[in-house]
Student: 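Can you read through this structure? Questions will come right after.
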Amino acid sequence: MATLQPDPDVEQRAVNKSLRYLVPLLIVGFTVMNLDRTNIGIAALTMNKELGISPRQFGLISGIFFAGYLLFEVPSNLILHRVGARLWIARIMFTWGLVTAFAAFANGATAMFWCRVLLGIFEAGFLPGMLLYLTFWFTKEHRSRMLGWFFLGVPLGTVIGAPLGGFLVGIEQMLGLSGWRWLFLIEGVATLVLAAVYVVWLPNTPAQARWLTEPEKAALTARLDAERSTLAERSHGITALTVFRQPRVLGLSAVLFGLVLALYGVGLWLPQLIRTSLHIGGVMPVALLTAVPYLLAAPVMVWWGRRADRRGSRGLHTAIPMLIGGLALAASALLVGVPWIGYVGLCLSILAVLASAPAFFSLPSTFLTGIAAATGYAFVNSVGNTAGFVGPYLVGWVTATLGEARWALVIIGLALAAGGVLGAAMRLTEPPNRARLAVSTRYEHG
């Protein structure tokens with residue numbers, strides 16, 4: 001075993017350097033992804049009226065994005081595993097950036113519908129690809145906290161995007177374009193620029209990292225190879241063809257369904273829910289209130305992910321926030337006479353989903369490796385993300401049918417809590433790795 005880990009201090013320096021040089025770029029990419037995926041929620045404040053989009057149509061348009069995910073996630077991740085992350089991730093970003101920019105010129109509900117379909121197809125593979133890519137750099141002792149940093153892209157996407165979107169959407173006309181059109185155009189062009197940066201900067205593996213010395217490359221590669229070898233022995237022959245039948249993979253897909261149902265069922269409708277329930281007329285106050293739960297979630301995600309690594313109980317660290325957030329959302333949605341309580345429930349549900357994400361997305365790598373991990377990550381993400389269609393459409397349908405969204409929020413809250421119960425029942429936990437505790441501690445303070 002000593003030959004696999006010749007110098008833990010050298011390995012630790014490699015981990016710390018990768019954190020500084022690599023993870024910020026990944027956070028920026030994930031932030032831009034969430035900007036482009038969710039900007040329709042802010043745009044809807046003026047776009048729906050201009051294009052004549054009804055609540056039911058908006059639910060369909062915002063959710064249809066995930067249809068492409070279901071079909072193309074697995075093929076995309078298999079290609080990434082074969083050709084490497086640098087070119088494939090940049091390709092994903094370039095094509096989705098083009099579609100986002102083209103959405104600025106949509107002339108009706110049908111055109112916006114097809115823009116969202118294409119956005120889902122071209123973006124498919126980015127998140128599972130990034131999750132797989134992080135396993136090429138960080139061992140399981142560091143993975144939840146790395147994902148805690150990486151998933152800052154979700155709250156940052158709203159913390160940055162909501163005020164920016166509020167400002168742009170508030171512009172009635174500029175150079176012949178409405179404010180919401182400028183929102184799509186600017187964010188699409190920014191994605192194209194970032195795709196070029198990824199082509200230049202993103203290394204496929206530690207062996208290609210310009211910021212690591214040769215001893216650091218060797219130490220980190222040896223440690224990761226040793227982990228993959230051990231994991232392959234324990235995976236009992238799980239392959240890309242058999243991963244779809246694994247109970248743990250199917251269970252993780254169901255848990256993710258509950259997470260995504262709340263993330264997008266609540267998140268994409270949040271600006272309109274805030275405006276309606278709190279009777280706020282201005283765009284910017286709505287945008288700022290939309291950003292609040294995401295701002296609060298950012299430090300919680302990092303802390304909770306680090307705690308999951310320390311305790312080695314990633315399943316419970318997934319389940320507990322889901323239970324709390326789901327029950328809070330369902331209960332607060334029923335308190336229609338106290339609208340600010342409803343807002344608190346919305347905030348808690350989003351905070352809970354984001355807090356759960358780092359621990360949850362580290363779970364597949366605890367029993368999958370190689371091409372099985374590439375397939376498993378993509379399959380879990382594609383099946384779970386079908387809730388990204390169901391959630392927004394459910395809120396739109398209930399709002400159009402009953403005139404209010406609260407019963408949809410009750411359903412989403414109960415589904416989120418049920419996902420937490422399932423995660424706890426699956427006992428997706430593992431004992432702390434005492435042999436690596438000292439290195440993990442140095443990493444936290446390194």
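Everything quoted here is computed from the prediction, not taken from an experiment. The analysis underlying the following values was restricted to heavy atoms, covering all of them including side chains, and did not include hydrogens, waters or symmetry mates.
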Student: Which atom pair, heavy atoms only, marks the closest approach of Cys115 to Ala103?
Tutor: SG-CA, 3.8 Å
Student: Taking the six-membered ring for Trp and the single ring otherwise, decide whether the centroids of Phe150 and Phe361 are under 6.0 Å apart.
Tutor: no
Student: Taking Thr191 for its side chain and Gly97 for its backbone only, find out whether a donor-acceptor pair lies under 3.5 Å.
Tutor: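 Such a contact is absent between Thr191 side chain and Gly97 backbone.
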Student: So how far is it from Ser349 OG to Leu416 CG, rounded to the nearest 0.5 Å?
Tutor: 7.0 Å
Student: Report yes or no: does Thr135 contribute a side-chain atom to a donor-acceptor pair with the main-chain N or O of Leu132 at less than 3.5 Å?
Tutor: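 Judged by distance alone, yes, a pair lies under 3.5 Å.
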Student: Flag the pair Tyr133 / Leu202 as yes when at least one side-chain heavy-atom distance between them is below 4.5 Å, and no otherwise.
Tutor: yes
Student: Measure the shortest side-chain to side-chain distance between Met47 and Ile40 over non-hydrogen atoms and say whether it is less than 4.5 angstrom.
Tutor: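 Side-chain contact under 4.5 Å: yes.
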Student: Judged by modelled atom types alone, do Trp304 and Ser356 share a side-chain donor-acceptor pair under 3.5 Å?
Tutor: no
Student: Search all heavy atoms of Leu295 against all heavy atoms of Val159 and return the closest pair with its distance.
Tutor: N-CG2, 3.5 Å
Student: Could you check if a side-chain atom of Val99 sits within less than 4.5 angstrom of a side-chain atom of Glu123, using non-hydrogen atoms only?
Tutor: no
Student: In the structure I gave you, are the side-chain heavy atoms of Leu134 and Leu147 within less than 4.5 Å of one another anywhere?
Tutor: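 With C-beta onward as the side chain, the pair touches.
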Student: Please collect all ring-ring contact (aromatic ring centres under 6.0 Å, His included) contacts where either partner lies in residues 191-216, sequence neighbours excluded, each pair once.
Tutor: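 Every ring-ring contact (aromatic ring centres under 6.0 Å, His included) pair that includes a residue of residues 191-216, provided the two are not neighbours, is Tyr21-Trp211, Trp137-Trp211, Trp201-Trp211.
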Student: Measuring only between side-chain heavy atoms, which start at C-beta, is Asn204 closer than 4.5 Å to Val83?
Tutor: no
Student: Within this structure, what is the OG1-CG distance for the pair Thr221 and Leu224, rounded to the nearest 0.5 Å?
Tutor: 6.5 Å
Student: Which one of Phe126, Phe102, Phe184 satisfies the ring pair (Phe, Tyr, Trp, His ring centres under 6.0 Å) criterion with Trp96?
Tutor: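 Between Trp96 and the candidates, ring pair (Phe, Tyr, Trp, His ring centres under 6.0 Å) is satisfied uniquely by Phe126.
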Student: Any side-chain heavy-atom pair from Thr31 and Ile160 closer than 4.5 angstrom?
Tutor: yes
Student: Using a 6.0 Å cut-off, check whether atom CZ of Phe94 has over 12 heavy atoms from anything other than its own residue.
Tutor: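 Atom CZ in Phe94 is not packed in, count stays at 12 or less.
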Student: Arg116 side chain to Ser62 main-chain N or O, any donor-acceptor pair under 3.5 Å?
Tutor: yes
Student: Checking Arg306 against Trp303: charged group under 6.0 Å from the ring centre and within 45 degrees of the axis?
Tutor: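 Not flagged: Arg306 not positioned over aromatic ring of Trp303.
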Student: Is the shortest heavy-atom distance from the side chain of Val15 to the side chain of Leu220 under 4.5 Å?
Tutor: yes
Student: Ignoring hydrogens, what is the shortest heavy-atom contact between Ala319 and Ala424? Give both atom names and the distance.
Tutor: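 Heavy atoms only, the tightest pair is CB-N, 3.7 Å.
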Student: With a 4.5 Å heavy-atom cut-off, do Leu127 and Phe151 have their side chains touching?
Tutor: yes
Student: Would the distance check show the side chain of Arg314 and the main-chain N or O of Gly305 forming a donor-acceptor pair, the cut-off being under 3.5 Å?
Tutor: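 No, because the side chain of Arg314 does not come within donor-acceptor range (under 3.5 Å) of the backbone of Gly305.
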